**Q** 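First, the structure itself, so that you have it in front of you.
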Amino acid sequence: MRRGTNPVRIGSYNQTVVLDAIRRSEGLSRVELAAVTGLSAQAVTNICRRLLADGLVREAGTTNVGRGKPRTLLRLTAAARLAVGVHLDPAVVSVALLDLEGVVLAQQRLATPSALDPPHAIAAITAAVDAVIAGGGVDRDRILGVGVAAPGPIDLRRGVVANPPNLPDWHQVPLRDDLAAATGLPVLLDKDVTAAAVAETWWGSPGRGGTMAVLYIGTGIGVGLVVDGEVVRGSSGNAGEIGHIIVDPDGPPCACGQRGCVAVTLAPVALVGRARRAGALGAGAPSDTAGALGVLFDQADAGDLAARRIVDDAAAGIARLGLVVTNMLDLDRLVLGGPYWSRLEPYYLGKGAGEVGAGTAARQIHHVKVLGTSIGEHFGAVGAASLVLDQAFSAHPTALVEDVRHDSPRARSKLA
């Protein structure tokens, strides 16, 4: 049996600051790094020496500035470290291998119902993890770990998938530890919407600052939260549950006892159910949610009135939901995405931008950007892999404060 280990950070706090600055640029000199990070020239020189020795960065030519000596540019070595992401969704399990620049080197999708049974799912995920590593043609010792994005609720501390409403067979499944033992790799488990928020801070947004929400539309709908550049997980790791916000008081009944909740009104499975009842799909429509949703939007594109009414109602509901989240958190940005986003975007994005632009409480003070994710169809798996990269490489001030409070050797090395 292979044994996993816990993911660890790569280097000191200051080292992660420097590496993050290099990652977000097209190349920076040591002088420029000192300017953008606020570190001394000597500290930057020492850190860059370590990064070069570890193969995390490389020298990439020179640039002339004035009459002085040409400055050597440093760039990230994308393939120096890699991460595997696993997105566990009731409709599909996606697995991707990601490098440090966010490039998907290999990916697999598992769409069989049997994969939703925990023991079979873990075996299937393990095989897929091995397959994407082999498919990427990379050494296994360069893999930092496996990130898993799962529907909530989860027990973040114990790494357990609790009782997700859309995964009825998953009761207190120790997914983190079981998958670590099966793969022999470090494993991180987090909520799917949290992983989506981490992915946007890494790949989709200009820097870490600001307050943002990711409205994630998958089998269910949730929101990933970023406040002042830090991802918000809540007291138990389950922030972002918005499935029972009422968006249509006259809508269908929900298991929670209310009517018109997000879960039964706006989730893709709810749209497909409404379309079937309205006869907007036809007898030959696929039985799975993804396939049927594609048919519904095809019908809307073709001008079918019943299909277009369902799609337009859903777009309006998502816009109202986005406005609620925007006003609640006073957002800078609202990002919409999920595994179906490429199909939803033509209908949802314009409606959402219009509703938020006209209805934001602070609209006379600042503008809120409403964007579709730029991460693409691998959004869930990329988010899961980003959990590992964020754990290893990001310079979170809160982590530094925690280490200082515990006066650990690692904290002293960060402050040196």
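Worth saying up front: this structure is predicted, and the values here are computed from it rather than measured.
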**Q** Taking the side chain as everything from C-beta on, heavy atoms only, tell me whether V356 gets closer than 4.5 Å to L334.
**A**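 When only atoms from C-beta onward are counted, L334 and V356 do touch, with a gap below 4.5 Å.
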**Q** Do any N or O atoms from the side chain of H171 and from the backbone of P168 form a donor-acceptor pair under 3.5 angstrom?
**A**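 Looks like yes, one N/O pair under 3.5 Å.
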**Q** Do you know the tightest heavy-atom contact between L371 and L349?
**A**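 So the two residues come closest at C-CD1, 3.7 Å.
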**Q** Of all the heavy-atom pairs spanning V57 and T77, show the shortest one and how long it is.
**A**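 So the minimum-distance heavy-atom pair works out to C-OG1, 3.4 Å.
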**Q** For I318 and I221: C-alpha separation, side-chain torsions, deciding distance, then whether side-chain contact (heavy atoms from CB on, under 4.5 Å) applies.
**A** CA-CA 10 Å; I318 289 290; I221 296 178; 3.9 Å; yes
**Q** Look up atom CG in L321 and atom CD in E355, then write down how far apart they are to the nearest 0.5 Å.
**A**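 The CG atom of L321 sits 11.0 Å away from the CD atom of E355.
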**Q** What are the two closest non-hydrogen atoms of N327 and G359, and how far apart are they?
**A**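 Nearest heavy atoms, N327 then G359: ND2-O, 3.6 Å.
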**Q** Would you kindly say whether H367 and D332 are connected by a side-chain donor-acceptor distance under 3.5 Å?
**A**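 There is no such pair between these side chains.
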**Q** So, the side chain of D99 versus the backbone of G102: is there a donor-acceptor pair under 3.5 Å, distance only?
**A**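 Yes, D99 side chain to G102 backbone: donor-acceptor pair under 3.5 Å.
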**Q** For side-chain contact (heavy atoms from CB on, under 4.5 Å), just list the numbers for R30 and R49, CA-CA rounded to whole Å, side-chain angles, deciding distance to a tenth of an Å, and then say yes or no.
**A** CA-CA 11 Å; R30 291 166 177 81; R49 187 180 297 120; over 6 Å; no
**Q** Check whether K191 reaches the backbone of A239 with its side chain - one donor and one acceptor, N or O, closer than 3.5 Å.
**A**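 Yes, the answer is positive, given that a donor and an acceptor are paired below the 3.5 Å cut-off.
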**Q** Say you draw a straight line from CG of D89 to OG1 of T219; how long is it, rounded to the nearest 0.5 Å?
**A**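 Here the rounded value is 3.5 Å.
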**Q** What's the spacing between T201 OG1 and E230 CD if we round to 0.5 Å?
**A**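 The OG1 atom of T201 sits 9.0 Å away from the CD atom of E230.
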**Q** Do you know the tightest heavy-atom contact between Y216 and D192?
**A**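 Looks like CE2-OD2, 4.4 Å.
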**Q** Between T360 and R363, is there a donor-acceptor pair closer than 3.5 Å when you use the side chain of the first and the backbone of the second?
**A**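 Absent.
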**Q** Do NZ/NE/NH1/NH2 and the carboxylate oxygens of D301 and R343 come within less than 4.0 Å?
**A**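 Salt bridge between D301 and R343, a charged N being under 4.0 Å from a carboxylate O: yes.
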**Q** Mind checking whether N238 and D155 have side chains closer than 4.5 Å, heavy atoms only?
**A**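 They are not in contact (no side-chain heavy atoms under 4.5 Å apart), so the answer is no.
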**Q** Are W341 and T373 close enough that a side-chain donor and a side-chain acceptor fall under 3.5 Å?
**A**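 There is no such pair (donor and acceptor under 3.5 Å, judged by atom type) between the side chains of W341 and T373.
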**Q** Take V93 and I125, measure what side-chain contact (heavy atoms from CB on, under 4.5 Å) needs, and give me the verdict at the end.
**A** CA-CA 8 Å; V93 178; I125 291 169; 3.9 Å; yes
**Q** With side-chain contact (heavy atoms from CB on, under 4.5 Å) as the criterion, how do L28 and L74 come out once you've worked through the C-alpha distance, each side chain's angles and the decisive distance to 0.1 Å?
**A** CA-CA 5 Å; L28 290 173; L74 297 174; 5.9 Å; no
**Q** Can you find a pair of side-chain heavy atoms, one from V84 and one from I133, that are under 4.5 Å apart?
**A**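 When only atoms from C-beta onward are counted, I133 and V84 do touch, with a gap below 4.5 Å.
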**Q** Do we get R23 above W203's six-membered ring, with its NZ or CZ under 6.0 Å from the centre and within 45° of the axis?
**A**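 Because its charged atom sits under 6.0 Å from the ring centre and within 45° of the axis, R23 does stack over W203.
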**Q** State, yes or no, whether a side-chain contact exists between C261 and V247 at a heavy-atom distance under 4.5 Å.
**A**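 Of all side-chain heavy-atom pairs linking V247 with C261, none is under 4.5 Å.
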**Q** Any chance the side chains of D248 and T265 put a donor and an acceptor closer than 3.5 Å?
**A**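 Judged by distance alone, the side chains do not pair up.
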**Q** Are D20 and R24 close enough, and set up right, to give a salt bridge (charged side-chain N to carboxylate O under 4.0 Å, His left out), and what steps lead you there?
**A** CA-CA 6 Å; D20 194 54; R24 294 182 183 276; 3.2 Å; yes
**Q** With a 4.5 Å heavy-atom cut-off, do T183 and R140 have their side chains touching?
**A**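 Side chain of T183 against side chain of R140, heavy atoms only: contact under 4.5 Å found.
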**Q** Between F297 and Y340, is the gap from one ring center to the other below 6.0 Å?
**A**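 No: the rings miss the under 6.0 Å criterion.
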**Q** How many angstroms lie between CG in L185 and CG in D130, if you round to the nearest 0.5 Å?
**A**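 Going from the CG atom of L185 to the CG atom of D130 covers 8.0 Å.
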**Q** Which of these passes side-chain contact (heavy atoms from CB on, under 4.5 Å) with L97: V103, V129, I143?
**A**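 Among V103, V129, I143, the one meeting side-chain contact (heavy atoms from CB on, under 4.5 Å) with L97 is I143.
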**Q** For the pair D54 (side chain) and L56 (backbone), establish whether a donor and an acceptor sit closer than 3.5 Å, ignoring hydrogens and angles.
**A**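 Checking the backbone N and O of L56 against the side chain of D54, no donor-acceptor pair under 3.5 Å is found.
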**Q** Is a donor on one side and an acceptor on the other found under 3.5 Å between the side chain of R142 and the backbone of A79?
**A**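 It does hold such a pair.
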**Q** Under a 3.5 Å threshold, yes or no: a donor from one side chain and an acceptor from the other, between E32 and S29?
**A**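 A pair is found: one side chain offers a donor N or O, the other an acceptor, under 3.5 Å apart.
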**Q** If I take atom CG from residue L281 and atom CG from residue D298, how far apart are they, to the nearest 0.5 angstrom?
**A**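 Rounded to the nearest 0.5 Å, the CG-CG separation comes out at 10.5 Å.
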**Q** Looking at R308 and A302, would you say the former's side chain and the latter's main chain have a donor-acceptor pair under 3.5 Å?
**A**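 Flag not set: sc R308 to bb A302 has no pair under 3.5 Å.
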**Q** Take D177 and R158, measure what salt bridge (charged side-chain N to carboxylate O under 4.0 Å, His left out) needs, and give me the verdict at the end.
**A** CA-CA 9 Å; D177 292 348; R158 295 190 299 130; over 6 Å; no
**Q** Considering only heavy atoms from C-beta outward, does the side chain of P186 approach that of L144 to under 4.5 Å?
**A**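 No. Closest side-chain heavy atoms not under 4.5 Å.
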**Q** Looking just at side-chain N and O atoms, do S94 and Q108 make a donor-acceptor pair shorter than 3.5 Å?
**A**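 Result is no, nothing qualifies.
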**Q** Quick one: closest heavy-atom pair of A300 and A307, and the distance?
**A**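 Heavy atoms only, the tightest pair is N-CB, 3.7 Å.
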**Q** Any idea which heavy atoms bring A199 and I375 closest together, and the distance?
**A**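 Closest pair (atom of A199, atom of I375, distance): CB-CD1, 3.6 Å.
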**Q** Do S386 and L98 have side-chain heavy atoms sitting under 4.5 Å apart?
**A**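 Yes; the side chains approach each other to less than 4.5 Å.
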**Q** Check whether the side chains of W170 and N163 place a donor and an acceptor atom closer than 3.5 Å, and report yes or no.
**A**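 Note: W170 and N163 side chains miss the donor-acceptor criterion.
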**Q** What distance do R81 atom CZ and L389 atom CG have between them, rounded to the nearest 0.5 Å?
**A**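 One finds 11.5 Å between CZ of R81 and CG of L389.
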**Q** Any non-hydrogen side-chain atom of I47 less than 4.5 Å from a side-chain atom of L39?
**A**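 SC-SC contact between I47 and L39 confirmed.
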